[in-house]
Every structure is written in C-alpha cells, then in structure tokens.
**Q** 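Can you read through this structure? Questions will come right after.
None of the values given here were measured: they were computed from a predicted structure. Quick note: numbers below take in every heavy atom, side chains included, and nothing from hydrogens, waters or symmetry partners. Each chain gets a letter, A, B and so on, in the order the sequences are listed, and its residues count up from 1.
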There are 2 protein chains.
Amino acid sequence: MPADDKQKRATIHDVAKAAGVSAATVSKVLRGVKTVREDNAERVRAAVSALDYRMDPIASGLRGEQRRIIGAVVPDLESAFFGRLVTGLERAAEAAGYHMIVATSRESEAREADLIQGMNDWRVAGCVLVPVRSERGLGARTLRDLDMQAVLVDRVSADDAFDTVSADNHTASAAVADFLVRLGHRHVLLHGATQISKAIRTRLEGFRERALALDPGMRIDELLSDAPLEDQRPAIRDYFAANQGTDRPAAVFSLSQQSTLLVLSEIRRMGLDVPEDIALVGFDDADWMQTTWPSITAVAQPVTAIAERALGTLLARVEGESTGFPVQYLEPCTMLVRQSAGQTEKAPPRRSRNGGQ
Amino acid sequence: MPADDKQKRATIHDVAKAAGVSAATVSKVLRGVKTVREDNAERVRAAVSALDYRMDPIASGLRGEQRRIIGAVVPDLESAFFGRLVTGLERAAEAAGYHMIVATSRESEAREADLIQGMNDWRVAGCVLVPVRSERGLGARTLRDLDMQAVLVDRVSADDAFDTVSADNHTASAAVADFLVRLGHRHVLLHGATQISKAIRTRLEGFRERALALDPGMRIDELLSDAPLEDQRPAIRDYFAANQGTDRPAAVFSLSQQSTLLVLSEIRRMGLDVPEDIALVGFDDADWMQTTWPSITAVAQPVTAIAERALGTLLARVEGESTGFPVQYLEPCTMLVRQSAGQTEKAPPRRSRNGGQ
DNA sequence: CTTGCAGGATAAACCGATTTATCGTGAGAT
DNA sequence: ATCTCACGATAAATCGGTTTATCCTGCAAG
C-alpha cells in the first residue's frame, strides 16, 4: 500500500475552510459558545467529523487560561491505599469533565516540590497533594508560593491555606483504645513502621489519649521507625527480648498496614499465638486480612469517601463556588472486628463519629 | 504585606532583554545548542536565575516536535503489580530525562483507546501500554493507526508492530506443573478470577502442556471467570460440592493474586487444611503471602526487570537507536516455595529460563 | 584588494488554538 | 427615512517558545 502516512492532522483552519466559516467560529462551536447560528454550527460539526478533527490541547492551552486538568501527587503507588485513592480521584475527576495526571513523590519532599512546580508549568486547574509528611512540608509551601488551588489529603491536619481531607484517624484510634481496654488489655505496644507522618502521629495520640483517660495506669510502649522495612525486624525482636513474661504487652496496635504485616510476621517467628498470647489490631485494612488465620482486626479507611470529598472540595474552589476559609474534613473509619484481638464480650463493629469543622 | 502577587512569570523575552541578547539565543542556551559564545551563555544563565525563569512546556511543545514525555496506560492501580510497575517505569523514565504521565483504563478497551488518543494529542514521545486483554485489542490498534511509538507490556505475546515485554508466564507455569507433579498430585484445579487476559491464558497453557507431558492421565479442571470477585465465591463452592471425596482436586494453581486470595478464603470456609487436604500454588506473589499461615507458595514476577526492559526498548525506538522489527522479551520469574503446597522432596527454588526473540 | 566562507547572532515567521476589536446586517425605535 | 442596537461573523492580535532565513564580522584564500 502506498504511504499516505504523512498527511498531518487537520487544524481548526482546515475545518473552518471546509465548513465555509472562520476559525473563530469553529472555536466557538467547539467550546459550546452560544452565539453561533445553528446552520453554521451544524456545518462545522459535519466538517469536524468529516476531517476527523481533534483539538490540539497544547495549542489550546497556550492562549486559554483555564485548563481542565487536575494534578495529583502521592507518596507512592505501591500501597493499595494510594492506588485506590488515585483511582477514586481519577473517576471523580472524569465525572466532572476533568483529566487527571498522577505523579509519585517517592517519599521525598524535594521531589514533591518539583512535581508541583511541574504541574504549575502545565497550568493544571488544581492539585491534590498527599504530602510526604504533613501540611507544613515543602510541597504545601510550594503550592502556596505558586498561589495554586489545592487540597491536602491524608497526612494532614487543619491548615490555614488549603482544605484538608483525611480519615478520622483520631476518633478511630480512640475506638481501638476503647476496644482493647474493654477486652482487659492494660499493656499495649504501638508500632509504626512507615514514614512517621502526621497521620501516624494522630493515630498514636488518639489511642493514647483515650486509653489513658480510661485507665491512667495503662502502660503504652512505642516502637516507631521510618527505616526500610526489613531493617526493622531486629528492633521488634529486641523489644520482645527485653520485655518477656509479665512485661510482654498484651496487645499490639500497629499504626499502618506494613506495620501490621511486619509485626504479625515477627510474632509468628517468635512462636506466639494470636490472639491467645497477644492481641493484634491494625490500622488500615487489606483484603488479605480477612482471609489469613487468624483474621486480622483492623480499621478500614474510607478511601472512596476521601477521594470524592477531596475532588469535590477542590473543584468547588477551582470553579469559584467556594471561597470561604479552609475546611478540614475528617471522614469516618470503620473498625472490622475479626479474630486477631480475641473478644471477651461481643463487641459490635464500631463506627467512629463523623468529624467536621 | 502588599500584593505583589500578580506579576506574571517571566518569559523568554524577558530573559533575553535582561541578558542583552535575542530570544533565539536564550532558546539555544536553554536547549544546550552549542553555537553560542560562552560569555553570552553565561549572561543568559545569570538572567534565568535572577528572574526565576522557567520554560513554559506548553508554548515549547507547540512548535517543537519532540516531547520528553512518556505515557503509560495500565488497567488499574489497585493491584500491587501495576503500582510497582508504574513506579519502576517512572523511575526509569526520569533517569533518562523523561517525564511520565499515567492513566488507568479500568479494564475498558474503549477507555484504553480514548486515553491513547489523548496521549497522542499531548504529543508524547512514546507510550507504554498494558492492554486490557491482549496485543490485538483496541488500544494496540489505536497505537498503530496513530503511528505512535509504543511498547506493549504484561498481557501480551509477540506482536508484529510493537516490542512486547512480559513475565515468562509459560515457563514459570511449566515449573509449577513440574513442582506439583513431582509432589505426586494428579488432579489439579486451575483457577482464574480476573480478566481472562493473554497472561492468564499463557499461564494456563504453560501448566497444561507440561503437566500432560509429564503424565498424560493427569486430570486438570478449570474454573475461569471475569465476573466481580465477590460473585465468584458461589462458583467455587459449587465446584467443590460437585467434586468431593476422591474427586476433590489434590492441588489448586491459582492464576492471579486475587484468585489466590479468593481460593484460600473459600478453602478455609470449607474447613479444609492447606496443604494437608489440598495444596495451593499461586501465580503472582504478594508480601502477605510469606506471613500468613500457612505461607503461600507463589510465583514472583520480576516487576522491576519488566519495567526497566519496557522503558529501555521504548526509548531505544523513540531515540531512533533501534529500528529493527519487533522483539518479544520474556523476563524470568522466580518460584517461592513456602508451605502451602507441602514438600515431599526438598525442591530448591526454581528459576525459569530466560526467554528471548 | 576582492571573494568566500564559517561562526554567531537575530528579526521574523511559525505552531494552532483563543480572544479582541471591528464590521455588516436587519429589526425596532424615533 | 434615519438612527440605534443587538446579533453573528471575522480578521488580526496574541500566547511563549522554536525554527528559519538573513545578516554581520573577521579571517583565509585567490
């Protein structure tokens, strides 16, 4: 077959010529501006499909101010939580007629700031940021400096420049404290094996406050580290070696999914039984947790709700419907009671209160 | 503080003026063209940093032909496999000085084609596609029609238009057959619970061929479905209800990660013990599989190798270093022998052969 | 002394859309 | 019959870089 490859794609002028109107008119039809006579509009539409015309978003973006693109920056895409979050964001964005571009900061604040600069260069309408550490990090500062529209998600508390959305870590962790205390546990290990972010701190405090309120004599140990996962096993072993017999904690509350897996693995290796020897509750549910034996009691985060809320508030700002001062949204978590914590009294699955303000 | 907000960002002309040269010269310096006198180049660089100048990628892209952007389209981001794949791609792209934009087809071929059209509109230099079904799907056809540079990944076999990269599903599945047959199992259930893609079919055939070659009397049942996960439980129960006693398979080979989880869960629910009552081997390893009890024997995919290979071959095409006909790359998998299949003889972890051509 | 040529710099055209300023037309008002 | 005004349509300016065609300068060759 002969090469008719190199026919370059039709421009708006080609369409204009074919329809017998000016380029400006075509542009109006394409963008749905109403001041065009219907017969002209019809001829334009015919020409568009006859020529297979597609608007060039780059040329379009050069002059036009507002782009219909939302940027998202997340710490990584290897954990199911962010994967689902991004999926939810993308779905919501699309439903509102926006495109999404995603990038990962790989837990680096410098990269985070770079990516945001890049998104600003591409003139995104707004940006969803899951900060590496907190709302006071480099990424958030860059957003502010660049005067961008944004919403901060997950590893955040209230902020004075941007809306924030996260799981209600504090309330959910308090519910875990309720649960463990009611089961009679008076010595708990709090274990955090990931980036010590705002979310992790909030979970920690939520638990600690409630537990101490219920029983001031409660013993709460902490084992926190953001070292690479495999390097953390020795620390766990050391801890248990140093706390044997009556000093061994009655329960572990692991503050992240990776943390849960790590602790479970080490508990197994020590030959302890869950929940007979030690109870385990994890923050952040995973699909394997209901299948493993024993199944793991965990706090499930409302990922979809977070995604929808985040995109909703962002778009409200972008489209100018919302102009008030920043709001912090706390989406309620669900605690899935399974086997790993035992159960002396039949506690119904608890829902944490909805947050607000 | 007074509002000095609205000072718009510096353009290349501002830099030119500040440096006392023309815009064309600035452009050359920025792109590293050599035909600029060093003292001029130096003044330009000084002006750039003095004015905080950043090149506008949109304006730049309008005239310039080649963009330094790679697009990636994956079926979803909720499974760890694609998450890690994307991370690997992004890292490799960045190392080569490219940016990446990711989008998810959500297992829809129509969406897949749309996304590719969109990436073409944005003039990406090349595209990494993990097709929803196979290299003959709508996405691949669109790539061909648009005459784009691309590499097809994961759910593919050889193609006559694009390089393809995937795990060596066939060889790895044959190794699983070796393994199960050597353990004495003569009745195996093959279970596939996800989109029945090319990869799943290849795994199935790889197993079947080797197993029948080793023992022509082997009984191999299949349970395949791409229905929503939770709707598939009844089918599993029905199967086991219809195949009890001596008809019960001695082993299950689950062809995807979700499949493994689903089967394990149902086996548990039936009160069967793994591996005493039934052996289980899964394709695609997950981090929880080494921690659960029993730990799961699984085939680990070389995600990083796949990502690097994919981006490497794509860039070779994009940069014109490679122009030969398409190559199929098969990256070797690793079989992680754990508890779920039992072990009468001590089989060392097997490595499948490297594929090629 | 003239011509040729290479190295560097630049003004102007260009990319493909959007936006602005202008213009023609016909209906309604005076 | 003349003047407005609203409505559509359009030519031209614009966005911010890249590319092209041209120009200048100085030096070597004829």
Side-chain angles (χ1 to χ4, degrees), chain A residues 6-45 47-48 51-69 99 117-118 120-125, chain B residues 6-45 47-48 51-69 99 117-118 120-125:
Chain A
K6 269 312 166 202
Q7 52 183 358
K8 37 188 50 165
R9 51 192 285 169
T11 74
I12 201 173
H13 292 98
D14 299 329
V15 175
K17 195 174 306 176
V21 296
S22 75
T25 302
V26 176
S27 177
K28 283 179 182 167
V29 174
L30 261 36
R31 278 171 306 127
V33 178
K34 305 296 299 173
T35 64
V36 178
R37 234 173 32 223
E38 182 52 34
D39 61 326
N40 276 337
E42 196 46 59
R43 296 222 306 291
V44 167
R45 281 190 284 269
V48 164
L51 297 178
D52 264 347
Y53 171 75
R54 309 197 93 222
M55 192 191 71
D56 183 333
I58 296 185
S60 163
L62 183 52
R63 188 62 147 82
E65 186 59 20
Q66 196 68 296
R67 304 240 62 343
R68 305 225 88 194
I69 296 181
H99 284 262
Q117 281 271 6
N120 187 241
D121 289 343
W122 285 97
R123 315 213 194 128
V124 297
Chain B
K6 269 313 166 203
Q7 54 183 356
K8 37 187 52 167
R9 53 193 284 169
T11 74
I12 201 174
H13 293 98
D14 300 329
V15 175
K17 196 174 305 175
V21 295
S22 75
T25 302
V26 177
S27 177
K28 283 179 183 167
V29 174
L30 261 37
R31 279 171 306 128
V33 178
K34 303 297 299 175
T35 63
V36 177
R37 235 172 31 221
E38 183 51 34
D39 60 328
N40 276 337
E42 196 45 60
R43 296 221 308 289
V44 167
R45 281 190 283 270
V48 164
L51 296 179
D52 264 348
Y53 171 75
R54 308 197 94 222
M55 192 191 70
D56 183 333
I58 295 185
S60 162
L62 184 52
R63 188 64 145 79
E65 187 60 20
Q66 196 68 299
R67 300 242 51 19
R68 306 225 89 194
I69 296 181
H99 284 262
Q117 281 271 6
N120 187 241
D121 290 342
W122 285 97
R123 315 211 194 131
V124 297

**Q** Determine: side-chain N/O of Thr25(B) to OP1/OP2 of dT10(C), distance under 4.0 Å, yes or no.
**A** yes
**Q** Identify the two heavy atoms, one from Ala18(A) and one from Leu51(A), that lie closest to each other, and give their separation to 0.1 Å.
**A** CB-CD1, 4.1 Å
**Q** Taking only residues two or more places apart in sequence, or in another chain, which ones meet Arg43(B) in a salt bridge (charged side-chain N to carboxylate O under 4.0 Å, His left out)?
**A** none
**Q** Indicate for each nucleotide in nucleotides 15-23 of chain D, in 5' to 3' sequence, whether protein heavy atoms under 4.0 Å reach the base (B), only the sugar-phosphate (S), or nothing (-).
**A** BBBBB----
**Q** Report the distance from atom CH2 of Trp122(B) to atom C1' of dA17(C), rounded to the nearest whole Å.
**A** 12 Å
**Q** If you measure from CG on Leu30(B) to CE on Met55(B), what distance do you get to the nearest 0.5 Å?
**A** 7.0 Å
**Q** Shorter than 3.5 Å, N or O on both sides, protein versus nucleotides 24-28 of chain C: list them out with atom names.
**A**
none

**Q** Mind checking the CZ-CG spacing from Arg9(B) to Asp56(B)? Nearest 0.5 Å is all I need.
**A** 5.5 Å
**Q** What pairs with Arg63(B) under salt bridge (charged side-chain N to carboxylate O under 4.0 Å, His left out), at least two apart in sequence or on another chain?
**A** none
**Q** Nearest 0.5 Å, what's the NE2-OG distance between His13(B) and Ser22(B)?
**A** 8.5 Å
**Q** Check salt bridge (charged side-chain N to carboxylate O under 4.0 Å, His left out) between Arg45(A) and all other residues, then give those that pass, not counting sequence neighbours.
**A** Glu38(A), Glu42(A)
**Q** Please name all residues satisfying salt bridge (charged side-chain N to carboxylate O under 4.0 Å, His left out) with Arg37(A), sequence neighbours left out, ordered by chain then number.
**A** Asp39(A)
**Q** How close or far is atom P of dG16(C) from atom CG of Asp14(A), stated in whole angstroms?
**A** 9 Å
